[in-house]
Protein chains: 2
Amino acid sequence: MRYSKEHKQETHARIVKKASVRLREKGAHGIGVADLMKEAGLTHGGFYAHFDSREALVIEAFAYAMDRSIEHWRKIAAETPAEKRLSTIIDSYVSPVHRDDPGRGCAVPALGAEIARESAKTRKAFAAKLEQLIDVMADQIPDVPRKTARRQAMGTLATMMGTLVMSRVAGSGELSDEILLAGREAALARATATKKARAKVN
Amino acid sequence: MRYSKEHKQETHARIVKKASVRLREKGAHGIGVADLMKEAGLTHGGFYAHFDSREALVIEAFAYAMDRSIEHWRKIAAETPAEKRLSTIIDSYVSPVHRDDPGRGCAVPALGAEIARESAKTRKAFAAKLEQLIDVMADQIPDVPRKTARRQAMGTLATMMGTLVMSRVAGSGELSDEILLAGREAALARATATKKARAKVN
DNA sequence: CCCATTAAATGTCCATGGTCATATAATAGC
DNA sequence: GCTATTATATGACCATGGACATTTAATGGG
């Protein structure tokens, strides 16, 4: 065969990676196949040698973005003392940097609402990754039953991603910063809720 | 002039109302001008007699949806004893009914992420309504300075809308219900946070 | 009762976008 | 170095969608 054996999969990976950025920036329908291929330095024609359909790329690109988030949180957890893990994750997530750079950020606030309207296949792929992300956060919540940790993680993530959406709508002015501040506070309070409650009881 | 004087504005209002439903259901770019006009029982040609552009309709339709939410919350506040207002708002918002009927629900979880990518004009219109919604919720948070109430309202709304987005992605199964439960808990805790803190201190 | 006025319909234009058939070009093995 | 093989490129098709110029139809005032 021509081209080195890895050539195609390297190209495939490059398309997915670039697409995952642009899709988060422009929305699940905000950019076309031709432009996505151009991002990867290719022309639109070869697209269907790599993907069955545009939807297939969206699924892969989305999964890629979620894997990066999961990896990032795991890395923070590994590098940070236990008592600061949650606040570090929250502070990096609910931040102006993340708000202003959706292309490199979490796919849930960027694409969640749109994915909710896609086919069952797409939604299932998304939901599976979402659950993984929830579980990584639940891992950082100590001293409570797993089920409780999961529930708190869900509430915390909902607060974090909702805050990001609202702050992005508000642009980058005063209101937006106020929303970020409120969201950080709320997320941290939720993530550490049981610990506080236990402290109060004891 | 032909047609009764109110005919045009009635038609205009009908287009906006129908569009606000379909746009929430299908996304800000999920339905075209022709189909939106058909919803109102008209053909696509007359559209530009009513709106300068498609974007202008999106702005109006969105504002309409937000006004309905604001009205709804004010009505709950007026009909419910003070101590139950927040929990009533939260329970009706973070519910399976709302999750499964985005067309009649809050526009923030349905359209927020997409609006964040639109023109400054569209975002400003959205942000103004979002702030009104925050203020209505802040009005229901008693015994704290206005600034604190606003901040808690922001955190609570972020939790509520984030929960709805996540639960919609998850479809309507077990995971989705778990997310709703977690979100209700988190939102209520945040909305009443200071009250609890005060109770603890006293 | 008719005509000036204006709401809505018809029909068209052009750009964009997903899909795919076919052509081209690059290389690995003989 | 040929040739079989396979990754991209070219180019086209067709559907959708926003925009708008023009026509049709409805009605209230003269």
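In what follows, chains are A, B, ... by sequence order, proteins preceding strands, each numbered from 1. Because the structure is a prediction, the values reported are computed rather than measured.
If you take NE2 of A:H29 and C1' of D:dT16, they are 14 Å apart, rounded to a whole angstrom. Here the P atom of nucleotide D:dA9 and the NE2 atom of A:H50 are 9 Å apart, to the nearest Å. Distance, A:R54 CZ to C:dG18 P: 5 Å, rounded to whole Å. Atom CZ of B:F47 and atom P of D:dT16 are 19 Å apart (whole Å). Atom CD in B:E55 sits about 18 Å away from atom P in D:dG17, given to the nearest Å. Atom CE in A:M37 sits about 12 Å away from atom P in C:dG18, given to the nearest Å. In this entry the distance linking NZ of B:K38 with P of C:dT10 reads 12 Å, nearest Å. For A:D52 and C:dG18, the CG to C1' distance is 14 Å, given to the nearest whole Å.
In this structure, A:E114 pairs ionically with B:R117, as a charged nitrogen and a carboxylate oxygen lie closer than 4.0 Å. Of the charged side-chain nitrogens involved, at least one lies within less than 4.0 Å of a carboxylate oxygen, so that A:R146 and A:D139 count as a salt-bridged pair.
Residue B:Y48 places none of its side-chain N or O atoms closer than 4.0 Å to OP1 or OP2 of D:dC20.
Counting non-hydrogen atoms under 4.0 angstrom, A:H44 reaches a base of the nucleic acid. A:A49 comes within contact range of at least one nucleobase, with a heavy-atom separation under 4.0 Å.
Stacking of B:R54 on the aromatic ring of B:F51 is not recorded, the 6.0 Å distance cut-off and the 45° axial limit not both being met.
Residue A:S53 places its side chain closer to C:dT19 than to any other of C:dT19, D:dA9, D:dG17.
Defined by atom type and a distance below 3.5 Å, a donor-acceptor pair is missing between the side-chain atoms of B:S172 and B:R99.
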